[in-house]
Amino acid sequence: MNSNRASLRRGVALTGVMALGALSLTACGNDSGGGGGDGDGDAVGVSLIVKTTTNPFFVAMQEGAEAAAAEHGVELTMAAGKADGDEDTQIQAIENAIARGDAGILITPNGPSVVDAIAKARDAGLYVIALDTPPDPADAVDITFATDNREAGQLIGEWTAAQLDGEKATIALLDLFDDKVVSVDYNRDQGFLEGMGIDVADPEVNGDEESTGTYSGGDYEIVGNEASQGAEDGGRTAMENLLTKNPDINVVYTINEPAAYGAYQALQAAGKEGDVLLVSVDGGCAGVDNVKQGVIGATSQQYPVKMAELGVEAIAELATTGTKPDTTEGLDFFNTGVALVTDTPVDGVESIDSAAASEICWG
């Protein structure tokens, strides 16, 4: 693990998300070209377009954006897909932002079809910031404010490998989609396997790794990948399917905490909840409580409120002064931080406990 990531992780663990500090900005002149505010007292128009409002992660993001909009005099318009993966509703919201003459858009892209609409917005002079999920290609937006999802996956993978202590890992992977490629999906999945010390073959493809082999502590077997849609009911169904394939699963990776809770329900129904290491990514208050209750062994906490707050602030600054946000040193996005949350820490993997995480959780 490189020293830059270790330092950032330590800062989050010690002082919470406040350790991220102020947003780094780079002067760029007055060539933003965006509408919705001209620096002469007019309100700056910003659209926040999230994947869905059924996930507390995106609800928290909306709340963070609202607070930042009030602070910075931004006129905020919010929109969301009808479900995770709904590209059409997001495309319509982008077109609406262009028609309104907004200064910028904050978006958690629901899939590759959104990219063409983003290009139209940028051509029209809007500044587009991706939150949480960079599009493919990443430079389809002006900048991304996000968790390092690869690192988030690696953290729970390292923790899992250490907890197994040489025991064979029989692994179930509960991903987001099976019908489209989204970077948050493969980065978390593949990061998890990398953290366990498993060769992932193509690091941007879920499921192409060898189904059997060795991890850092011993032998592994991957039972399969199932799509959960990032939802509780999807996680439950995915877990049921994988248990049918192999009832001896003892490691369950999940794309997020709603899927993790669904998986837990399936494990509980099968009488296997005490025999499995269940790990996830999110760090919402419900997920942190599930760590406290022993439902989830470990989760990687991310900070959606911070993503939205900084995004609104960045577009307001750009519209009024022409100053653009800059990426985190050594990365091609602005890193909003990650911390491993567990009440059963292991040597060599830095973490915070559920009590500390509950002080900085969301939802």
Side-chain angles (χ1 to χ4, degrees), residues 23-26 28 31-36 44-52 57-58 61-62 64-65 68 74 76-81 84-98 100-150 180-187 204 302-304 306-319 322-328 330-336:
L23 176 64
S24 175
L25 298 166
T26 302
C28 68
D31 59 350
S32 66
V44 175
V46 175
S47 285
L48 172 66
I49 307 169
V50 297
K51 291 184 177 182
T52 174
F57 182 89
F58 300 114
M61 191 173 280
Q62 289 182 325
V74 165
L76 184 67
T77 301
M78 294 193 289
D84 205 329
D86 174 12
E87 296 165 300
D88 291 342
T89 303
Q90 288 198 326
I91 290 168
Q92 183 60 57
I94 293 168
E95 291 174 353
N96 292 344
I98 297 170
R100 268 193 310 273
D102 284 352
I105 293 171
L106 309 174
I107 186 168
T108 58
N110 257 335
S113 295
V114 178
V115 170
D116 287 344
I118 290 173
K120 286 175 61 178
R122 295 178 72 190
D123 288 344
L126 282 72
Y127 193 82
V128 182
I129 299 176
L131 304 180
D132 179 56
T133 307
D136 186 16
D139 61 3
V141 293
D142 291 287
I143 192 172
T144 296
F145 289 0
T147 307
D148 187 336
N149 283 300
R150 202 80 179 194
K180 64 183 71 178
V181 177
V182 179
S183 62
V184 66
D185 200 3
Y186 64 70
N187 275 325
E204 296 185 358
Q302 49 184 348
Y303 305 102
K306 197 69 170 177
M307 295 176 199
E309 288 176 342
L310 292 177
V312 169
E313 177 185 339
I315 293 176
E317 181 74 11
L318 175 60
T323 304
K324 291 182 179 179
D326 202 3
T327 58
T328 298
L331 298 172
D332 60 1
F333 61 95
F334 185 90
N335 190 351
T336 52

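For Phe57, the ring-ring contact (aromatic ring centres under 6.0 Å, His included) criterion is met by Trp362, not counting sequence neighbours. Among residues two or more places apart in sequence or in another chain, the salt bridge (charged side-chain N to carboxylate O under 4.0 Å, His left out) test is passed with Glu204 by none. Taking the salt bridge (charged side-chain N to carboxylate O under 4.0 Å, His left out) definition, one finds that Asp142 meets it with Arg122, sequence neighbours left out. Under the side-chain contact (heavy atoms from CB on, under 4.5 Å) criterion, Ala80 pairs with Val50, Thr53, sequence neighbours left out. The salt bridge (charged side-chain N to carboxylate O under 4.0 Å, His left out) search around Asp132 returns Arg188, not counting sequence neighbours. For Asn187, the side chain to side chain donor-acceptor pair (under 3.5 Å) criterion is met by Arg150, not counting sequence neighbours. Under the side-chain contact (heavy atoms from CB on, under 4.5 Å) criterion, Asp86 pairs with Lys82, Asp88, Thr89, Asn110, not counting sequence neighbours. In this view, Ala97 and Ser47, Arg100, Asp102, Ile105, Leu126 satisfy the side-chain contact (heavy atoms from CB on, under 4.5 Å) rule, not counting sequence neighbours. Residues satisfying the side-chain contact (heavy atoms from CB on, under 4.5 Å) test with Thr133, not counting sequence neighbours, are Lys51, Pro109, Val182, Ser183, Val184. Checked against side chain to side chain donor-acceptor pair (under 3.5 Å), Asp136 has no partners two or more places apart in sequence or in another chain.
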Per-pair distances, 0.1 Å, donor-acceptor, side chain in residues 113-121, under 3.5 Å, sequence neighbours excluded:
unit_1	atom_1	unit_2	atom_2	d
Ser113	OG	Glu87	OE2	3.4

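Residue Leu310 holds its CG atom at 8.0 Å from OG1 of Thr336, rounded to the nearest 0.5 Å. Separation of atoms CD1 (Ile129) and CD (Glu313) is listed at 10.0 Å; rounding is to 0.5 Å. Rounding to the nearest 0.5 angstrom, the gap separating the CD atom in Glu309 from the CE atom in Met61 is 11.0 Å. In this structure, CG in Asp148 is found 11.0 Å from CD in Gln302, a value given to the nearest 0.5 Å. To the nearest 0.5 angstrom, Phe333 atom CZ is 7.0 Å from Thr328 atom OG1.
Across every non-hydrogen atom of Val141 and Val128, the tightest pair is CB-O, 3.6 Å. Pairing each heavy atom of Tyr127 with each of Ile315, the nearest pair is O-CD1, 4.0 Å. Across all non-hydrogen atoms, the minimal contact from Pro135 to Ala140 is CG-CB, 3.9 Å.
Checking side-chain atoms of Gln90 against main-chain N and O of Thr108 turns up a donor-acceptor pair under 3.5 Å. Side-chain N or O atoms of Thr144 include none that pairs as donor or acceptor with a backbone N or O of Leu131 at under 3.5 Å.
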For this session: Dump the intermediate steps for side chain to side chain contact (heavy atoms under 4.5 Å, CB included) on Val44 and Leu318, then the final yes or no.
Result: CA-CA 10 Å; Val44 175; Leu318 175 60; over 6 Å; no
Problem set entry | Worked check of side chain to side chain contact (heavy atoms under 4.5 Å, CB included) between Asn149 and Tyr186 | CA-CA 9 Å; Asn149 283 300; Tyr186 64 70; over 6 Å; no
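Within the 4.5 Å cutoff, no side-chain heavy atoms of Thr327 are placed close to those of Phe334.
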